[in-house]
Q: 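Submitted below is the structure of interest, expressed as structure tokens.
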2 protein chains.
Amino acid sequence: MIHLTVLRTFIAVLDHGSIIEASRNCGYSPAAVSRQMSALQARLGVRLFEPDGRGIRPRPIAEELAVGARRLLDECDQFDDYAKGLCTSQNVHSLVLV
Amino acid sequence: MIHLTVLRTFIAVLDHGSIIEASRNCGYSPAAVSRQMSALQARLGVRLFEPDGRGIRPRPIAEELAVGARRLLDECDQFDDYAKGLCTSQNVHSLVLV
DNA sequence: GTCTGTTACGTTAAACGTAATAATG
DNA sequence: CATTATTACGTTTAACGTAACAGAC
């Protein structure tokens, strides 16, 4: 099954344009981010990034994948809100009725 | 962040009506399923199940949560298909063009 | 020489299974 | 006594950080 944490890191790498900057924003070490991207590529069977000078450049397939990834992550956030709303209303009920 | 594996297990428990049956269908031990449900309840701050005879009975809040959970899991599956489709077409291109 | 990404190595922490326990039918 | 769920215990394994390494400016 797909790992949401890896997907979030993937988006961070695209947004920041480098492994190091993404690692700073995700609370991971650069090594961890690099490994997550390697694992994602291995899982998909596709290279998402190419070397570019000292850094990396996303391949077109990476931008395409990001479209669906961003959407899925948004829906996960929506579910979290949905669940949180359900459960706080639940607690209000018990507060009132008990 | 929410764990998709736990969400899948949660749906399996609802579908099968017991920890043991869910565990058989998920490839987990009953203890693992029980712990996953305990962790989910702790995370949400809500009891999702109640004891019922020798088994458990989902509380109404569990069924409500399941609506959003099923939708999210479906969207994850759709993303997997989407990603797989992107990457196979990518591989076809490289097969043709290289 | 500095900066970025990757890989090797050891460690840590989350999650598991087995087995023991409690409770119900 | 059989069945279900939970908890305790030890183990395994996935993922991490540090550090060493390789390539680009």
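A note on names: the letters A, B, ... follow the listed sequences, proteins ahead of strands, and every chain is numbered from 1.
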Q: Using a cut-off of 4.0 Å on non-hydrogen atoms, how would the nucleic acid contact of A:Gly17 be classed: base, sugar-phosphate, or nothing?
A: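 Counting heavy atoms under 4.0 Å across all strands, no contact is made by A:Gly17.
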
Q: What integer distance in Å separates A:Ile20:CD1 from C:dT2:P?
A: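 One finds 15 Å between P of C:dT2 and CD1 of A:Ile20, rounded.
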
Q: To the nearest 0.5 Å, tell me how far B:Glu64 CD sits from A:Ser89 OG.
A: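 One finds 7.0 Å between CD of B:Glu64 and OG of A:Ser89.
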
Q: State plainly whether the residues B:Asp15 and B:Arg8 are in salt-bridge range, i.e. N to O under 4.0 Å.
A: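 Here B:Asp15 does not pair with B:Arg8 in a salt bridge, since their nearest N and O are not under 4.0 Å apart.
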
Q: Within a strict 4.5 Å, meaning less than it, do heavy atoms of the B:Glu50 and B:Ile56 side chains meet?
A: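 In short, these two side chains do not touch, never coming nearer than 4.5 Å.
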
Q: List the steps and the verdict of side chain to side chain contact (heavy atoms under 4.5 Å, CB included) for A:Leu7 and B:Phe79.
A: CA-CA 11 Å; A:Leu7 236 45; B:Phe79 173 78; 3.9 Å; yes

Q: For B:Tyr28 and A:Arg35, find the nucleotide of DNA chain C closest to each by heavy atoms; which residue's nucleotide sits nearer the 5' end?
A: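 It is A:Arg35 whose nearest nucleotide is closer to the 5' end.
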
Q: Let me know the distance between CD1 of B:Ile19 and P of C:dC16, rounded to the nearest Å.
A: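 Atom CD1 in B:Ile19 sits about 13 Å away from atom P in C:dC16.
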
Q: Which atoms form the tightest heavy-atom contact between B:Leu65 and A:Tyr82, and what is the distance?
A: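 Heavy-atom minimum between the residues: O-CE2, 4.2 Å.
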
Q: What integer distance in Å separates B:His16:NE2 from D:dT4:C1'?
A: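 Roughly 16 Å, once rounded to whole Å.
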
Q: Closest approach of B:Ile19 and B:Ser34, non-hydrogen atoms and distance?
A: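 Closest pair (atom of B:Ile19, atom of B:Ser34, distance): CG2-N, 4.1 Å.
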
Q: What integer distance in Å separates A:Gln41:CD from C:dT7:P?
A: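 Roughly 10 Å, once rounded to whole Å.
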
Q: Whole Å only: how far is the CE atom of A:Met37 from the P atom of C:dT7?
A: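 These atoms are roughly 14 Å apart.
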
Q: Heavy atoms within less than 4.0 Å of DNA chain C: which residues of residues 44-54 of chain A have one? Give them sorted by number.
A: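 The answer is A:Arg54.
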
Q: Need one value for A:Ala32: base, sugar-phosphate or nothing, where a base atom within 4.0 Å counts as base even if backbone is also close, heavy atoms only.
A: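 Sugar-phosphate contact only.
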
Q: Taking the side chain of A:His3 as heavy atoms from C-beta outward, which of D:dT6, D:dA15, D:dT4 is closest to it?
A: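 From the listed options, D:dA15 comes nearest.
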
Q: What is the separation between atom CD1 on B:Ile56 and atom P on D:dT4, rounded to the nearest whole Å?
A: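 Those two atoms, CD1 and P, are 12 Å apart.
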
Q: Reading DNA chain D from 5' onward, which residue's closest nucleotide shows up sooner: B:Ser38 or B:Gly55?
A: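 So the residue in question is B:Gly55.
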
Q: If you check every side-chain atom of A:Ala31, which of D:dT4, C:dG5, C:dT7 has the closest atom?
A: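 Of the candidates, C:dT7 comes closest.
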
Q: Side-chain heavy atoms under 4.5 angstrom apart, residues restricted to Ile, Leu, Val, Met, Phe, Trp, Tyr: same cluster for A:Ile2 and A:Leu14?
A: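 Same cluster: A:Ile2 reaches A:Leu14 through Ile, Leu, Val, Met, Phe, Trp or Tyr contacts under 4.5 Å.
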
